[in-house]
Protein chains: 2
Amino acid sequence: MPDKLDRRKKYTRMVLKDSLIQLMNEKTFSSITVKEVCVLADINRSTFYTHFTDVHDLLYSIEEEIIEEMNKYLNAFHFIVEEESIQMTEKLLVYIKERKEIFEALLENNTGTSFEKRVMDIARLFLINKTDTANIDAASYLSTFIVSGAIHVIKDWLLIDQTQSPKQMAELISQFCNKGLGSMENEKSRE
Amino acid sequence: MPDKLDRRKKYTRMVLKDSLIQLMNEKTFSSITVKEVCVLADINRSTFYTHFTDVHDLLYSIEEEIIEEMNKYLNAFHFIVEEESIQMTEKLLVYIKERKEIFEALLENNTGTSFEKRVMDIARLFLINKTDTANIDAASYLSTFIVSGAIHVIKDWLLIDQTQSPKQMAELISQFCNKGLGSMENEKSRE
DNA sequence: GACACCGTGTTGGATATTCAACAAACAGTT
DNA sequence: AACTGTTTGTTGAATATCCAACACGGTGTC
């Protein structure tokens with residue numbers, strides 16, 4: 001919201017985040033020190049503490065950014081028709097793939113509220129909005145099921161093969177979700 | 001010398017230089033504005049004026065940096081034997097090639113003391129040091145000849161073909177210079 | 001245990017950058 | 001000629017960062 005950030009603040013936060021991301025690609029998160037991050041970012045250590053309390057806090061702010069970006073993609077779903085949703089999913093997957101290492105680090109690292117849980121929360125919210133509001137409980141359960149399924153499919157895709165293109169994955173996941181949503185429609189009509 | 005520059009100063013100067021270099025690759029030098037450079041560098045315009053008086057001044061400081069770097073290479077010649085000098089020349093050429101666009105811009109752009117003249121000056125100094133001090137005048141004239149020749153050979157190489165590798169060019173230029181220096185030796189022995 | 005070493009938070013004064021605003025010069029338009 | 005838009009230098013107060021120094025806790029070594 002406070003997009004009216006001072007140029008200097010923006011820059012400092014950016015390089016610190018980038019440093020941590022780079023370091024996470026080289027070593028385990030728990031072995032990374034504040035000092036290390038600052039040296040790489042070429043930022044005075046005392047400045048670090050005016051922005052973040054510690055390395056976890058910095059990681060958390062990276063999460064924030066990622067989550068926010070994913071939210072944009074998901075929000076866009078509301079305004080598009082079925083055929084375009086596959087393309088949208090593809091964009092999301094490309095975004096994830098380009099940040100492969102960050103996502104892996106975030107999924108592995110369980111500090112505080114896990115990244116996975118937060119992603120599920122926003123995705124669930126999205127799914128509930130998308131379906132009819134009459135049957136919220138069912139939608140909630142089902143969306144948990146669908147989203148956790150999707151996340152693990154993406155996780156495997158990231159970690160293991162990636163022989164499938166983002167486009168192919170998008171179609172696969174889209175099918176997967178629609179089947180789930182479809183079953184809920186049946187559920188409702190049977191009432 | 002004042003290598004004890006504040007981190008912020010270093011960063012500001014660096015991004016401003018980089019911006020100008022990038023812009024010089026996209027448009028003519030004279031069409032580049034201070035504002036443009038600052039926008040690209042994401043630096044406040046008023047900050048620009050605490051470091052440089054105008055765009056020419058900024059360009060000049062880029063020259064300084066380049067000249068300084070070339071000086072290092074040339075100074076290194078003093079301490080190496082003949083066989084290694086070809087490798088050294090090669091390094092210098094690789095350095096130039098990596099900054100092809102900057103050199104082209106600097107060679108084209110004649111503001112104030114031309115870049116070409118300055119390079120010749122430092123190269124001449126180097127050559128005079130390298131040869132016997134007895135015959136300074138002759139060395140000076142000859143070095144002007146050699147260096148200007150070398151610069152234009154390099155210029156052509158940069159601008160036109162580059163089918164020759166830096167290594168091949170290094171051997172060629174080295175031959176070229178040694179022949180010149182050799183002739184000076186003859187000159188002296190004939191006295 | 002005593003020791004040295006290293007990372008952590010925190011502080012205060014010095015310094016650099018930002019931002020908004022201004023007058024001035026200039027180029028193009030009507 | 002008046003108007004519009006743009007770049008240029010310059011200013012002062014607000015803000016962010018730097019830097020050096022400190023006390024503290026942990027870790028390993030003799």
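Note that the structure is a prediction, hence the values are computed from the model and not measured. Proteins get letters first, then strands, A, B, ... in listed order; numbering begins at 1 in each.
- Put simply, NZ on K10(B) is 18 Å from P on dT17(D), counting in whole angstrom units.
- Between V55(B) and I32(B), the shortest heavy-atom distance links the atoms CG2-O, 4.0 Å.
- Following rounding to the nearest Å, D54(B) (CG) and dT8(D) (P) show an atom-to-atom distance of 10 Å.
- Look at CG on D42(B): it is 16 Å from P on dA16(D), rounded to the nearest Å.
- Where V34(A) and R7(A) each meet DNA chain C at their nearest nucleotide, the meeting point lying more 5' is that of V34(A).
- Rounding to whole angstrom units, OH of residue Y11(A) and C1' of dC19(C) are separated by 20 Å.
- Remark: L40(A) engages S19(A), Q22(A), L23(A) in a side-chain contact (heavy atoms from CB on, under 4.5 Å) (not counting sequence neighbours).
- With rounding to whole Å, Y49(B) atom OH is found 4 Å from dG9(D) atom P.
- Between the NZ atom of K9(A) and the OG1 atom of T50(A) there is a distance of 7.5 Å, given to the nearest 0.5 Å.
- Between T53(B) and T50(A), it is T53(B) whose nearest contact on DNA chain D lies nearer the 5' terminus.
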Sort me out a list of protein N/O and nucleotides 12-16 of chain C N/O pairs below 3.5 Å, or just none if empty.
from: dT15(C); atom 1: O2; to: R8(B); atom 2: NH1; distance (Å): 2.9
from: dT15(C); atom 1: O2; to: R8(B); atom 2: NH2; distance (Å): 3.1
from: dA16(C); atom 1: OP1; to: K9(B); atom 2: NZ; distance (Å): 3.0
from: dA16(C); atom 1: O4'; to: R8(B); atom 2: NE; distance (Å): 3.4
from: dA16(C); atom 1: O4'; to: R8(B); atom 2: NH1; distance (Å): 3.2
from: dA16(C); atom 1: O4'; to: R8(B); atom 2: NH2; distance (Å): 3.3

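- Looking at heavy atoms from C-beta onward, R8(A) lies out of side-chain contact with Y11(A) at the 4.5 angstrom threshold.
- Rounded to a whole Å, the CG atom of D57(B) is 11 Å from the P atom of dG9(D).
- The pair K27(A)-E36(A) meets the salt-bridge criterion, with a side-chain N (NZ, NE, NH1 or NH2) lying under 4.0 Å from an Asp/Glu carboxylate O.
- Annotation: the span from F48(A) atom CZ to T53(A) atom OG1 amounts to 7.5 Å, rounded to 0.5 Å.
- The shortest heavy-atom contact between K35(A) and R45(A) is CA-CD, 3.9 Å.
- Nucleotide dT17(D) holds its P atom 8 Å from the CZ atom of R13(A), rounded to whole Å.
- Between the CD1 atom of I32(B) and the P atom of dT8(D) there is a distance of 11 Å, rounded to whole Å.
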What does the B/S/- profile of nucleotides 21-26 of chain D look like, 5' to 3', with a 4.0 Å heavy-atom cutoff to protein? ------

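- A heavy-atom distance below 4.5 Å is not found between the side chains of D42(B) and K10(A).
- Taking CZ of F52(B) as the reference point, atom CD1 of I62(B) lies at 8.0 Å (rounded to 0.5 Å).
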